[in-house]
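For reference, the structure discussed in these notes is given below.
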Protein chains: 2
Amino acid sequence: MAPRGAYHHGDLAAAAVDEALRLIDADASASFSLRALAERLGVAHRALYNHFADREALLAGVAARGFDMLADALVIAPDAPSFLAAYVRFALARPGLYDVMMARRHTAINGDPGLRAAVDRVIGAAVKGLATPGADDETQRREVMRIWMIAHGGIGLQRARMLRLRSDAEFAEEILRIAGF
Amino acid sequence: MAPRGAYHHGDLAAAAVDEALRLIDADASASFSLRALAERLGVAHRALYNHFADREALLAGVAARGFDMLADALVIAPDAPSFLAAYVRFALARPGLYDVMMARRHTAINGDPGLRAAVDRVIGAAVKGLATPGADDETQRREVMRIWMIAHGGIGLQRARMLRLRSDAEFAEEILRIAGF
DNA sequence: TTAGCGATGTATCCACTGGATACATCAGCG
DNA sequence: CGCTGATGTATCCAGTGGATACATCGCTAA
């Protein structure tokens with residue numbers, strides 16, 4: 001909307017999402033305060049409310065950007081095993097962001113068109129990246145769900161250290177075997 | 001420790017965990033404040049700090065109780081499909097509690113002996129409930145991980161409405177097929 | 001050219017939160 | 001029977017998300 005030297009700040013909405021991503025990555029959770037975020041942007045904390053209805057709306061913006069980045073990481077996977085590996089790598093590299101993405105509720109996803117579109121990009125990448133030629137649609141759909149469940153569940157359990165594995169590297173190897181690759 | 005008419009309140013620690021469970025179930029998240037909890041117990045909010053170091057310690061207590069209840073729900077499952085079904089039923093019936101259980105970090109689980117023991121009860125139930133006779137230990141271990149990943153991941157994706165299924169009932173049916181049962 | 005309007009940002013306030021410090025109460029043991 | 005340590009209370013604090021009122025200034029229409 002405001003490409004260059006626009007008004008007071010430029011494009012505060014985008015800058016806020018950028019900075020929020022940095023803060024989230026920094027301590028692997030979305031525990032930052034709006035005030036800390038605003039201070040880093042050199043702006044009164046209330047200025048953010050001109051672009052986001054509330055904290056939740058800002059996080060929805062962060063989630064949308066996260067799904068976009070995830071889709072970028074997934075579309076280049078040449079086959080199912082590398083697809084799964086790329087997904088796991090993304091989630092373990094940016095755990096705070098992954099949490100924000102996955103914590104968004106149904107209403108948020110369907111309410112925010114940008115967020116919905118980004119999620120759909122990821123789903124599209126999954127359908128293509130996990131396609132098994134010759135299988136009917138129902139089977140393909142189920143295979144996407146199966147891999148996604150194993151990936152998402154494995155990530156959560158590994159992060160909670162419930163699997164008793166020695167390292168993330170060992171986990172990355174193990175999950176491929178478990179998925180049947 | 002304080003069985004009957006003990007001191008001022010009786011057993012505030014246990015009562016606090018009970019009441020926290022109610023609040024968590026009520027709005028499907030652990031968003032309650034210590035003050036609201038204390039008020040319901042008829043006690044100054046600071047009294048809780050005589051039993052829990054901080055909010056996180058209280059939630060660790062809640063998580064321990066959650067794992068105990070989950071283990072109770074799992075040990076009676078006669079075979080692998082009913083085990084999976086029971087796990088999913090528990091998590092979808094008490095989403096707030098399930099989140100609290102799964103959000104506990106490595107340090108919390110290993111630091112609190114009660115929590116650790118409760119987690120081990122669940123793992124023990126899984127190993128028994130999912131046992132496939134005649135398979136070697138490594139295979140059994142991997143099968144436990146596979147089902148747990150599918151269950152935990154499926155639950156998370158279903159709750160975020162990422163799977164595009166019509167209802168929790170449909171999900172419960174679908175996940176059994178996906179697990180290969 | 002300029003008036004003023006709407007978008008953006010600021011100043012200040014509020015109720016509420018988790019947590020800290022200091023003190024009061026009282027069960028049970030010597 | 002008096003002391004002590006466990007338990008609970010009173011009060012304070014800085015920090016939080018959010019609200020209301022106002023200031024700034026680019027853009028557009030006359």
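Treat the numbers as computed from the prediction; the structure is a model and nothing was measured.
The distance from atom NE2 of A:His45 to atom C1' of D:dG17 is 7 Å, rounded to the nearest whole Å. Atom OH of A:Tyr49 and atom P of C:dT12 are 18 Å apart (whole Å). Summarising the geometry, the separation between CG on A:Leu48 and P on C:dG9 is reported as 9 Å, rounded to the nearest angstrom. When the C1' atom of C:dG18 is taken as reference, atom CZ of B:Phe32 falls 12 Å away, rounded to whole Å. For the pair A:Leu34 CG and D:dG18 P, the interatomic distance rounds to 6 Å; values are reported in whole Å. C:dT17 atom P lies 12 Å from atom CG of B:Leu37, rounded to whole Å. We find that CG of B:Asn50 is positioned 13 Å from C1' of C:dA24, with the value rounded to whole Å. Taking atom CG of residue A:Leu41 and atom P of nucleotide C:dT8, one finds them 16 Å apart after rounding to whole Å.
Where A:Arg35 and A:Ala44 meet DNA chain C, the nucleotide closest to each residue was compared, and A:Ala44 sits on the side nearer the 5' end.
Residue contacts for B:Arg55: at a heavy-atom cut-off of 4.0 Å it reaches the sugar-phosphate backbone alone, with no base atom in range. Among the protein residues, B:His51 comes within range of the sugar-phosphate backbone only, with heavy atoms under 4.0 Å from sugar or phosphate atoms but none that close to a base.
Here the side chain of A:Leu12 is nearest to one of C:dG9, D:dT11, D:dT7, namely C:dG9. Considering only the side chain of B:Arg46, C:dT21 comes nearest among D:dG18, C:dT21, C:dT10. Here C:dG9 is the nucleotide among C:dG9, C:dG19, C:dT12 with the atom lying nearest to any side-chain atom of A:Ala47.
B:Val17 places a side-chain heavy atom less than 4.5 Å from the side chain of B:Phe52. Annotation: side chain of A:Arg55 is not in contact with side chain of A:Leu48 (no heavy-atom distance under 4.5 Å).
The pair A:Arg142-A:Glu138 meets the salt-bridge criterion, since a charged nitrogen lies less than 4.0 angstrom from a carboxylate oxygen.
Using bins of under 30°, 30° to 60° and over 60° for the plane-to-plane angle, the ring pair B:Phe83/B:Tyr87 lands in the parallel bin.
Taking side-chain N and O atoms only, A:Ser33 has no distance below 4.0 Å to OP1 or OP2 of D:dG15.
Under a 3.5 Å cut-off, the side chain of A:Gln140 and the backbone N or O of A:Thr132 do form a donor-acceptor pair.
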